[in-house]
Protein chains: 2
Amino acid sequence: MTTIADVANLAGLSRATVSRVINNHPNVSEEKKRLVREAMDRLNYVPNSSAQKLRSQKTDTIAILVPVLTNPFFAYLLEAMDEVATENNLQLLVCQTRYDKEKEHNYLKLLMTKQVDGLILTSCENDWNSLAEYAKYGPMILCNESSEQVPVPAVRLDHEKAAFDACCHLIEQGCRRIAFTYGDTVSSVTLGREAGYKSALSHHGIPLCEDLLVSQVYNLEDGRKAFNYFTSLKERPDGIFTGSDQVATGIIMEAKANNINIPDDLAIIGFDDQPIATVVEPALTTIRQPIKEMGKKAMEMLIEAIGQKETLTYQEILLPYELMIRDSSKFKIN
Amino acid sequence: MTTIADVANLAGLSRATVSRVINNHPNVSEEKKRLVREAMDRLNYVPNSSAQKLRSQKTDTIAILVPVLTNPFFAYLLEAMDEVATENNLQLLVCQTRYDKEKEHNYLKLLMTKQVDGLILTSCENDWNSLAEYAKYGPMILCNESSEQVPVPAVRLDHEKAAFDACCHLIEQGCRRIAFTYGDTVSSVTLGREAGYKSALSHHGIPLCEDLLVSQVYNLEDGRKAFNYFTSLKERPDGIFTGSDQVATGIIMEAKANNINIPDDLAIIGFDDQPIATVVEPALTTIRQPIKEMGKKAMEMLIEAIGQKETLTYQEILLPYELMIRDSSKFKIN
DNA sequence: GCCAATAATGTAATCGATTTCAGCAATCGC
DNA sequence: GCGATTGCTGAAATCGATTACATTATTGGC
């Protein structure tokens, strides 16, 4: 392996000068610059980045924690973050937690071990206290999730309000037994949506029925299962607010396979407005999140935080959402 | 920041001993182990990984180059790789090239700068020669793509044969003017599929028509555009073999919006058998790739290559595929 | 023409770990 | 009871860069 010393020798200069050329320091004569460049070319030299990181105490790498990449919501979020990151010459370390506490813990340690300059959390399995612990070691931003208990800024949308709107829409369309499916029990996203769901019900004087709340529902396949669970109930729901377009799509497909009419027998609302929402038939009513802006904003905030070196505080940036009303929830009245 | 020296001081031992405890070396007495562990706990010590990497000359990190994460094919591939990687205590550096030559170059440099122990390429923008150049610096595996010109093993399926089968199927269903959409022009995937497409046509004595070959078609939206291009032709195709389920879905949706009957007016075949293939109506005929096995296999081979330190050679592992016949291509006859 | 300021370069310390080597103590075999 | 082996520990070199400081050469002002 060729090192900076080899280059210095070949160029007949000191390592310091070579380093200055690498880092574009001023005060290096053109003549020596040329010599160094030639030597670097001839030796096919590339600086060892572990050494650079160790010495300079920064990594130019940012960790993004996502539960899974196969959920398009997170894929699009990552894409947006990646855009901003590469513009700023930062690398992205993509970490899939798979909704696993321990995996998440391990990835959070990246901040402690100085393997990354900062970290963005898009979902959270561990409790907020332990998160706050990690936040001491380096800048961190919450994106999608949020908690007042953590001294960390958050970029997200108002899931409570969004869920409230979605459920009110179902009620206005005539639904009276509304189910709610979600993924994680501890996530702030879930808690917000659940609160919105419940307040919409009580706001319209509809009693809450625990049978209609289903957790651990993440993807298309889970959606199918959820549908079958609901049809197994004595009193079936006539509307479902799901936490994801994938789930909603799974429900619709299984409903069709079972000759249940959507939306007349069962109205469905998804979340995210992913491409699949307009592919499935009937097209899915859903809540559009400004994913791109969310990812960009989170990354921008992190970059600023890294630059400033000040300790972060709790702060929330709420982004707008939009209820996209499509056929899966329409004309339930009459 | 607390270092190994701080721990050594507090424990009243040398740095060497602390290091041994960290790395689970034998020949450290239980007594000292305890002392070290206590000191580490008390100081909240975590080893600095840049220092570890520099000294040990390995990173336990693997770079995966994908064009985009929003294409589910790559998302699922990554998921499979991630599974094997985490089992082996390896980190994944996910790199999105966005079909950009320069970005790809930069990511390939990770191998030279020793930022990663190995690298998997799932698509390739640059020419094979320059790739071979990078391959000198560390182990590399091609996954999905392949080329005899690069001394690197490849895991993929036989795209030529798959495309041949797909097109023969269209022909058997009665299609006579078959279009072909693909993404990149230089990719080996495309070249293989194109060859299969052409040989299927000539095998059945169907003339090739350049109008029916369309490139730079990647996603749902591109699929819609492609459809509109095809309908603008004087002689429209009666069957389309696309390079991706996303594209095929876009075509189907736009066709429906234009009252074109699928498959009677236009038969469609996708590629990958992504979830969306069974969501769209009519369900999409497509070629199922064993994505999970492909990702796992590629990662396993890379891990082995990293262990062995031998120079790699050209080698191909072909995985089986399956033509999933669904409604988008059925019953064209009569 | 002299002194101060500035530019260009080198020396050596440093980042935080791992690992070789050597030293010492304890154990073993006979 | 003595030499050989084994187990445990520390001193110091090392990985490959960056950078504070020192040194020398050059320029500028008056």
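Quick caveat: nothing in here was measured; it's all calculated off a predicted structure. Below, chains carry the letters A, B, ... as their sequence lines are ordered, and counting in each starts from 1.
Residues B:Thr113 and B:Gln115 bring a donor and an acceptor atom of their side chains to less than 3.5 Å of each other. Side-chain contact of B:Thr59 with B:Asp117: a donor-acceptor pair under 3.5 Å is present, judged by distance alone. For the residue pair B:Glu125/B:Thr97, the side-chain donor-acceptor check at 3.5 Å is not satisfied.
For B:Asn9 and D:dG10, the CG to C1' distance is 13 Å, given to the nearest whole Å. Rounded to a whole Å, the NZ atom of A:Lys53 is 16 Å from the P atom of D:dT19. Note: NZ (A:Lys33) to P (C:dA7) measures 13 Å, nearest angstrom. What separates CG of A:Asn27 from C1' of D:dC21 is a distance of 15 Å, to the nearest Å. To the nearest angstrom, P of C:dT11 lies 11 Å from CG of A:Leu13. At whole-Å resolution of the value, CD in A:Glu30 and C1' in C:dA7 are 13 Å apart. For B:Gln115 and D:dA17, the CD to C1' distance is 13 Å, given to the nearest whole Å.
Here the straight-line distance linking atom NE2 of A:His105 with atom CG of A:Leu108 works out to 7.5 Å at 0.5 Å rounding. A distance of 8.0 Å separates OG1 of B:Thr122 from CD1 of B:Ile64, quoted to the nearest 0.5 Å.
In this structure, B:Lys33 places its NZ atom where more than 12 heavy-atom neighbours from other residues, nucleotides or ligands lie under 6.0 Å away. For A:Lys114, the NZ atom counts as densely surrounded, since its 6.0 Å shell holds more than 12 non-hydrogen atoms of other residues, nucleotides or ligands.
In the helix from C:dG1-D:dC30 to C:dC30-D:dG1, the end axes, each obtained as the rotation axis mapping the C1' atoms of four pairs onto the next four within a five-pair block, lie 20° apart to the nearest 10 degrees.
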*Protein proximity profile, nucleotides 13-22 of chain C - base contact B, sugar-phosphate-only contact S, no contact -, cut-off 4.0 Å on heavy atoms*: BBBBBBBB--
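If you check every strand for non-hydrogen atoms under 4.0 Å, A:Lys32 touches sugar and phosphate atoms only.
Put simply, the side chain of A:Asp60 reaches to within 4.5 Å of the side chain of A:Lys58, judged on heavy atoms.
The backbone N or O of A:Ser19 sits less than 3.5 Å from a side-chain atom of A:Asn23, completing a donor-acceptor pair.
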